[in-house]
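Shown next, in structure tokens, is the structure this report addresses.
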Amino acid sequence: MKIVQLTDETRADIQNRLLKRNPANYKEQQGAVDAILKDVRERGDEALFGYTERFDHIRLTQDTIAVTEEEIREAYDLADPDLIDVIRKALVNIRSFHEKQVRQSWFTETSEGTILGQRITPLERVGVYVPGGKAVYPSSVLMNIVPAKVAGIGEIIMTTPCGRDGKVNPAVLVAASEAGADRIFKAGGAQAIAAMAYGTCCIPRVDKIVGPGNIFVALAKKAVYGNVSIDSVAGPSEILVLADETANPRFVAADLLSQAEHDELASAVLVTTSRELAEQVEKEIEGFLKELSRAEIIRKSLDQFGFILVADTMDDAVDAVNQIASEHLEIVTADPFDTMTKVKNAGAIFLGSYSSEPLGDYFAGPNHILPTNGTARFFSPLSVDDFIKKSSIIRYSEEALRAVHTDIEKFAKCEGLTAHANSIAVRFE
């Protein structure tokens with residue numbers, strides 16, 4: 001990793017480099033994605049099966065695209081029993097955390113005869129996309145489905161790519177079954193997003209699509225937004241560690257590499273007030289790279305998007321953290337709670353030497369589907385709120401409206417909307 005002195009110029013340069021990974025910058029891929037979306041919208045399952053054969057090298061039919069109960073039972077037989085136990089333990093933590101997010105409808109009534117309120121209702125059907133390819137992600141299954149289930153979604157549809165044998169990874173199927181997916185389909189890529197957005201004979205149209213994926217999935221979600229709702233347009237994974245001289249360099253190095261191994265576009269940044277720590281972390285990284293199985297991916301990631309920034313003061317370091325607005329932020333300082341109070345922008349914040357980022361990926365409970373590419377400035381982690389909608393409730397009695405009708409009429413006439421004013425006035429002619 002490159003050790004760089006933190007200045008306004010170096011921070012801006014690094015930030016611009018990271019933002020180049022934004023899916024909106026991939027114009028060439030967008031054309032291909034748009035063509036797939038149009039084709040699936042027009043030809044439905046025929047196009048869906050064709051793209052699945054082309055990209056995933058498996059020919060599916062209406063009889064084989066849906067995962068069967070028999071396949072799920074087989075997955076339980078094939079999956080590691082110890083992993084199943086861990087999935088169930090993680091589910092308890094994830095469900096418990098998200099249950100605390102549940103909102104209730106509310107109403108207020110006044111003696112003047114008004115009732116105002118907000119009605120909370122869950123979406124009817126959501127689609128959960130679970131990626132395949134370079135790695136297997138049963139953890140993403142849990143993080144997508146559990147908040148939807150807690151919110152009270154009527155039906156949860158899941159799509160995920162299958163292998164050339166027509167099978168979905170057993171761990172993914174077990175996680176989906178344990179979390180409560182209602183139907184699972186063997187479809188991936190932009191074609192799966194199109195099927196959920198527009199509906200086909202096999203895959204029903206959903207109200208919202210959630211879940212991470214590759215650049216084609218991200219661009220497809222961006223393109224169908226408005227036809228359906230989406231959670232966000234996710235970019236590559238990223239971690240930022242904020243540390244002072246008290247941090248353990250071996251721990252910091254290991255945590256940076258935990259995200260760099262996702263793919264070549266992942267970013268790993270250390271911001272520290274200690275040049276000695278920076279140099280020690282750099283040495284530890286080189287040592288780890290001799291041992292780790294995905295070292296080639298990690299090296300490409302670090303060469304492009306790996307940085308160690310040395311700041312003069314902790315205030316300067318925190319300023320950089322807030323401007324970069326990383327998906328994952330680890331704070332490893334003498335007093336991480338105090339440091340945290342100065343942080344405004346981060347998807348998830350991990351405090352102290354023993355709160356490593358993978359704890360959040362798999363087990364602690366908070367959702368690991370987080371805002372990326374600096375969008376933590378205005379976006380939040382996936383939550384129960386993503387699976388509900390709110391309706392405003394308004395009820396005025398005749399007496400209550402009589403007391404304010406002239407005010408409303410005056411407001412409407414100010415805007416030149418005489419029919420609005422008349423709608424109120426006719427009640428008091």
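Computed from a predicted structure; not experimentally measured.
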### Query
Who pairs with Asp207 by salt bridge (charged side-chain N to carboxylate O under 4.0 Å, His left out), at least two apart in sequence or on another chain?
none
#### Entry: By side-chain hydrogen bond (donor to acceptor under 3.5 Å, both in side chains) - contacts of Ser355 (at least two apart)
none
Anything under 3.5 Å between a donor and an acceptor, one on a side chain of residues 147-164, the other on a protein residue two or more places apart or in another chain? List them.
| from | atom 1 | to | atom 2 | distance (Å) |
| --- | --- | --- | --- | --- |
| Lys149 | NZ | Gly180 | O | 3.2 |
| Glu155 | OE1 | Arg125 | NE | 2.8 |
| Glu155 | OE1 | Arg125 | NH2 | 3.2 |
| Glu155 | OE2 | Arg183 | NE | 2.9 |
| Glu155 | OE2 | Arg183 | NH2 | 3.0 |
| Thr160 | OG1 | Val130 | O | 2.9 |

### Query
Among all residues two or more places apart in sequence or in another chain, which pass the side-chain hydrogen bond (donor to acceptor under 3.5 Å, both in side chains) test with Glu291?
none
### Message
Assess whether a salt bridge exists between Lys38 and Glu42, defined as any Lys/Arg side-chain N lying under 4.0 Å from an Asp/Glu carboxylate O.
### Response
yes
#### Entry: Test salt bridge (charged side-chain N to carboxylate O under 4.0 Å, His left out) applied to Arg275 - qualifying residues, sequence neighbours left out
none
### Summary
Separation between OG (Ser105) and CD (Gln118), nearest 0.5 Å, reads 7.5 Å
### Message
List the residues meeting side-chain hydrogen bond (donor to acceptor under 3.5 Å, both in side chains) with Asn345, not counting sequence neighbours, and say none if there are none.
### Response
none
### Task
With sequence neighbours excluded, give me every ring-ring contact (aromatic ring centres under 6.0 Å, His included) pair touching residues 204-254.
Phe251-Tyr354
### Summary
Rounded to the nearest 0.5 Å, the CE atom of Met314 sits from the CG atom of Asp319 at a distance of 11.5 Å
#### Entry: Set of side-chain hydrogen bond (donor to acceptor under 3.5 Å, both in side chains) partners for Thr110, sequence neighbours left out
Glu112, Thr114
### Query
Looking at CG of Asp39 and CG of Asp34, how far apart are the two atoms once the value is rounded to the nearest 0.5 Å?
12.5 Å
### Query
Once you round to the nearest 0.5 Å, how far does OG of Ser140 lie from OH of Tyr129?
11.0 Å
## Note on the structure
Value for CG (Asn93) from CZ (Phe363), rounded to nearest 0.5 Å, stands at 5.0 Å
Would you give me the side-chain donor-acceptor pairs under 3.5 Å for residues 337-344, sequence neighbours excluded?
| from | atom 1 | to | atom 2 | distance (Å) |
| --- | --- | --- | --- | --- |
| Thr339 | OG1 | Thr333 | OG1 | 3.0 |
| Thr339 | OG1 | Asp335 | O | 3.2 |
| Thr341 | OG1 | Asp338 | O | 2.6 |

### Pairwise salt bridge (charged side-chain N to carboxylate O under 4.0 Å, His left out) hits with a residue in residues 78-102, at least two apart
Arg88-Glu178
#### Entry: Working for side-chain contact (heavy atoms from CB on, under 4.5 Å), residues Asp361 and Gln259
CA-CA 10 Å; Asp361 276 349; Gln259 293 307 293; 3.6 Å; yes
#### Entry: Lys/Arg-Asp/Glu bridge criterion (N-O < 4.0 Å) met for Lys186, Glu71
yes
### Message
Would Asp231 and Lys208 count as a salt bridge (charged side-chain N to carboxylate O under 4.0 Å, His left out) here? Give the steps.
### Response
CA-CA 8 Å; Asp231 52 349; Lys208 185 166 189 171; over 6 Å; no
### Gap between atom CD1 of Ile184 and atom CD1 of Ile65 - 0.5 Å precision
12.5 Å
### Query
Salt bridge or not for Lys300 and Glu296, using N-O below 4.0 Å?
yes
### Query
Can any side-chain N or O of Asp386 pair as donor or acceptor with the backbone N or O of Ser383 at less than 3.5 Å?
yes
### Task
Under the salt bridge (charged side-chain N to carboxylate O under 4.0 Å, His left out) rule, collect the residues that match up with Glu70, sequence neighbours excluded.
none
#### Entry: Derivation and outcome, side-chain contact (heavy atoms from CB on, under 4.5 Å), residues Ser267 and Gln304
CA-CA 8 Å; Ser267 73; Gln304 299 180 86; over 6 Å; no
### Task
With sequence neighbours left out, write down each residue that passes salt bridge (charged side-chain N to carboxylate O under 4.0 Å, His left out) with Glu357, or none if nothing qualifies.
none
### Message
On a heavy-atom basis, which atom in Ala187 and which in Leu48 lie closest, and how many Å separate them?
### Response
CB-CD1, 4.2 Å
### Query
Would you call Glu74-Lys167 a salt bridge at under 4.0 Å N-O?
yes
